[in-house]
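Single-structure report; data block below.
Atoms considered below: every heavy atom in the structure, side chains included; atoms not considered: hydrogens, waters and symmetry mates. Below, chains carry the letters A, B, ... as their sequence lines are ordered, and counting in each starts from 1.
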Number of protein chains: 2
Amino acid sequence: MVASLVGDPARANMLTALMNGRALTASELAQEAGITPQTASSHLSKLEAGGLIEPEKQGRHRYYRLTDPDVAGVLEGLAGLAARAGHMRVRTGPKDPALRRARICYDHLAGDLGVQMLDSLRERRLVKQKKQDIELTVEGERFLARHLQISPDMLTHPRRPVCKACLDWSERRHHLAGTLGAAMMKRFTELKWAARDATPGSRVVNFTRAGEKQFAALFGSGHE
Amino acid sequence: MVASLVGDPARANMLTALMNGRALTASELAQEAGITPQTASSHLSKLEAGGLIEPEKQGRHRYYRLTDPDVAGVLEGLAGLAARAGHMRVRTGPKDPALRRARICYDHLAGDLGVQMLDSLRERRLVKQKKQDIELTVEGERFLARHLQISPDMLTHPRRPVCKACLDWSERRHHLAGTLGAAMMKRFTELKWAARDATPGSRVVNFTRAGEKQFAALFGSGHE
DNA sequence: ACAATGCTTCGGCTATCATCGAAGCATGAA
DNA sequence: TTCATGCTTCGATGATAGCCGAAGCATTGT
């Protein structure tokens, strides 16, 4: 049953594209498999029904990832068997280095730095993340007020959550969204730490030298 | 590629039937999968080309087994994934206990006791087996002369090998065939250790109480 | 020698399923 | 609101591949 799912070439291409553990949108998977979005949609439904992949809705995108490390393991095993008398398959990811580094995701920071920021917050227990939901801890509130002059009052909004995990396009891991994510990006801009690129339509975020230093001091990886 | 092989229901049934590590004939596999021999032949060719199974020719039968424990492992993994939202599949083997215990295979001993005998011979280096070919060692010749009054002269035959590994029907492991296998069965009969069952067409071999004891003394498992 | 058994090859039929065009929803942007 | 984008559903087409009947080898048994 499940083997027939992996058996189809198009689906196999999709699954191998997901083997790195990151998530891809339906369109990307379609392109990866060399088929139209309609066909891909059908395949993705079947893979999801078979429990091989899990969707994550993100705005008008739909990200898919392998449900489990176990799934990846079985796929790895199949690839191993195929390697005895067959071929292989690989692919890479996006391109623009600046985009991968830092960019705007709607109204908050995304890219390498965005992911790094959320990682740092989580590591220091300034936020608590369960699945997709993120909660700001008391220590987190103090941190924001102290270092970024952001008070909890500024984060209330009629129909938008304060914190939210947003799947990152280039890193394929979560970064911080919600009113907090937007507030922080706004503050970075106000503090002249960073600014959106001037060229129209660009989503690149350019950090100043000073801003990068400050950002690293707050959310750097060698931080503890 | 290899996944599509496992994907087909008929082939999947065949493979799961082979999961116990024993070998099955093409006809048995056809019946297992609920298809005609012609169709099964096609499937088996593909599975062999894919490196999942290996054939062993045995007279006019053709036994197939999984090439590798690795193959079984991957199949096990697939079954595990399927178990999260699907069904299972099992089967059993032959039936008659007496047949499984000891029976005639052409002119030599087969069944549990036959396999046990070859195992014992191999263990004590009385024979050397490479693949399908078995050679009698010097120690083996001495052993035969001493305990069973079988001299090497009795084993020569124009167009038949002295020793040969024969795939066992019920145990699905090798037992001893060739002129040596035939000579030993003949000797067992002469010594009144065993006799073919009286009912016509039966292949069952009945051991006497004394014979069973002697046999165990020579080829018993707790032997060393 | 001949017959019987086990398996394979060949040819044609059929059904399943991947594929895409077109249209419909949902979400975000202006 | 209106438009654009991402994805899904529907319907029809087409090709791949499983399936079996008939015939052909190969091996064993008489």
Side-chain angles (χ1 to χ4, degrees), chain A residues 1 3-15 23-50 53 55-64 104-108 110 159-160 164 166-167 169 177 182 196 200-203, chain B residues 1 3-14 23-50 53 55-64 104-108 159-160 164 166-167 169 177 182 200-201 203:
Chain A
M1 225 324 267
S4 60
L5 290 176
V6 193
D8 179 77
R11 286 192 291 260
N13 286 337
M14 292 177 169
L15 290 172
L24 293 170
T25 68
S27 318
E28 287 171 321
L29 287 169
Q31 185 180 357
E32 201 71 37
I35 54 181
T36 59
Q38 314 94 288
T39 307
S41 180
S42 164
H43 286 311
L44 292 170
S45 303
K46 290 171 185 171
L47 288 175
E48 184 185 349
I53 61 175
E56 181 170 343
K57 216 173 164 185
Q58 191 72 248
R60 46 187 177 190
H61 292 279
R62 208 175 158 89
Y63 284 87
Y64 285 96
I104 282 292
C105 177
Y106 302 124
D107 53 6
H108 52 269
R159 51 184 343 108
R160 191 179 180 191
K164 195 182 161 193
C166 181
L167 196 55
W169 164 66
R196 295 197 52 169
S202 171
R203 300 172 55 193
Chain B
M1 227 320 267
S4 61
L5 291 176
V6 194
D8 180 76
R11 286 192 291 259
N13 286 338
M14 292 177 168
L24 292 170
T25 69
S27 319
E28 288 171 320
L29 288 169
Q31 185 179 358
E32 201 72 38
I35 53 180
T36 60
Q38 315 93 288
T39 307
S41 180
S42 164
H43 285 310
L44 291 170
S45 302
K46 290 172 186 172
L47 287 175
E48 184 186 348
I53 61 176
E56 181 169 342
K57 218 174 164 184
Q58 191 72 245
R60 47 186 176 192
H61 292 278
R62 210 176 156 88
Y63 285 87
Y64 285 97
I104 284 290
C105 178
Y106 302 124
D107 53 6
H108 54 269
R159 51 182 345 106
R160 191 179 179 189
K164 193 182 161 193
C166 180
L167 196 54
W169 163 66
R203 299 172 57 192

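- For B:K57 and D:dT27, the shortest distance from a side-chain N or O to OP1 or OP2 is below 4.0 Å.
- Heavy-atom nearest nucleotides on DNA chain C were determined for A:D8 and for A:Q38, and the one closer to the 5' end corresponds to A:D8.
- Between the CD atom of A:Q31 and the P atom of C:dC20 there is a distance of 13 Å, given to the nearest Å.
- Phosphate contact (OP1/OP2 of D:dG18, side-chain N/O of B:T39, threshold under 4.0 Å): absent.
- Rounded to whole angstrom, the span from the CZ atom of A:R11 across to the P atom of D:dT16 amounts to 17 Å.
- Closest heavy-atom contact between B:A30 and B:A40: CB-CB, 3.5 Å.
- If you measure from atom NE2 of A:H61 to atom P of D:dT8, you get 12 Å, rounded to the nearest angstrom.
- OP1 or OP2 of D:dC19 has at least one side-chain nitrogen or oxygen of B:H43 nearer than 4.0 Å.
- For A:S41, a side-chain nitrogen or oxygen approaches OP1 or OP2 of D:dT8 to under 4.0 Å.
- Residues passing the side chain to side chain donor-acceptor pair (under 3.5 Å) test with B:S45, sequence neighbours excluded: none.
- Residue contacts for A:L44: at a heavy-atom cut-off of 4.0 Å it reaches no nucleic acid atom on any strand shown.
- Annotation: the span from A:Y64 atom OH to A:E28 atom CD amounts to 13.0 Å, rounded to 0.5 Å.
- Residue A:R60 places no side-chain N or O under 4.0 Å from the OP1 or OP2 atom of D:dA4.
- In this structure, A:T36 reaches the C:dC20 phosphate: one of its side-chain N or O atoms is under 4.0 Å from OP1 or OP2.
- For D:dA26, the OP1/OP2 oxygens have no side-chain nitrogen or oxygen of B:R62 closer than 4.0 Å.
- With rounding to whole Å, B:L47 atom CG is found 12 Å from C:dT8 atom P.
- The distance between atom CD of B:E48 and atom P of C:dT9, rounded to the nearest whole Å, is 10 Å.
- Counting non-hydrogen atoms under 4.0 angstrom, A:A10 reaches the backbone sugars and phosphates but no base.
- Distance alone, capped at 3.5 Å, is enough to place a donor-acceptor pair between the A:R11 side chain and the A:L5 backbone.
- The residue from B:L24, B:L44, B:V6 that alone fulfils the side-chain contact (heavy atoms from CB on, under 4.5 Å) condition with B:M14 is B:L44.
- What separates CE of B:M1 from C1' of D:dT16 is a distance of 14 Å, to the nearest Å.
- Rounding to whole angstrom units, OH of residue A:Y63 and P of D:dG6 are separated by 11 Å.
- Contact annotation: B:K46 does not reach the phosphate of D:dA17 (side-chain N/O to OP1 or OP2, under 4.0 Å).
- When the P atom of C:dG28 is taken as reference, atom NE2 of A:H108 falls 12 Å away, rounded to whole Å.
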